[in-house]
Amino acid sequence: MRKGLAGQRLVAVFLAGMLLFNFPLLSLFDRPVRVFGLPLLHVALFAIWAGLIALMAWIAERGSR
């Protein structure tokens, strides 16, 4: 039952990623603002990407116990 639950969580993370990388939400970050010298959109894309990878790794490691 644990593997099925981990699989369902990974599917939920995938769907959340699909929503986060979709146009309406990304347009919120398309501003002429710079963070550490980088455009806000690029920082947001990298942060979302890194967060999704970290969340998937956490679910995969937790599900294997």
Side-chain angles (χ1 to χ4, degrees):
M1 180 159 164
R2 277 293 223 191
K3 287 187 179 235
L5 186 59
Q8 290 175 1
R9 288 180 179 159
L10 288 172
V11 169
V13 170
F14 171 76
L15 293 175
M18 292 282 292
L19 290 174
L20 288 170
F21 283 118
N22 205 350
F23 170 71
L25 288 178
L26 283 181
S27 67
L28 295 174
F29 301 109
D30 194 16
R31 305 276 183 248
V33 176
R34 296 209 172 252
V35 178
F36 301 117
L38 299 170
L40 180 62
L41 180 61
H42 296 177
V43 173
L45 281 171
F46 183 76
I48 292 169
W49 175 69
L52 287 172
I53 289 174
L55 187 58
M56 287 188 297
W58 181 68
I59 290 170
E61 286 297 317
R62 190 171 163 232
S64 66
R65 283 190 221 157

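Throughout, residue positions are numbered sequentially from 1 according to the sequence presented.
Under the ring-ring contact (aromatic ring centres under 6.0 Å, His included) criterion, F14 pairs with no residue at all, not counting sequence neighbours. By the side-chain contact (heavy atoms from CB on, under 4.5 Å) test, L41 pairs with L26, F29, D30, L45, sequence neighbours left out.
Both L28 and F21 sit in one connected hydrophobic cluster of ILVMFWY residues. Membership requires side-chain heavy atoms under 4.5 Å apart, directly or through other members.
Of the candidates V11, L5, V13, R9 forms a side-chain contact (heavy atoms from CB on, under 4.5 Å) with just one, namely L5.
For the pair R34 and L40, the minimum side-chain heavy-atom distance is 4.5 Å or more.
Of all the heavy atoms in L25 and L19, the pair that sits closest is CD1-O, 3.4 Å.
Cluster partners of F23: none. The rule joins Ile, Leu, Val, Met, Phe, Trp and Tyr whenever side-chain heavy atoms lie under 4.5 Å apart, and it links nothing here.
For residues 30-55, every residue pair satisfying the ring-ring contact (aromatic ring centres under 6.0 Å, His included) rule, not counting sequence neighbours, is listed here: F46-W49.
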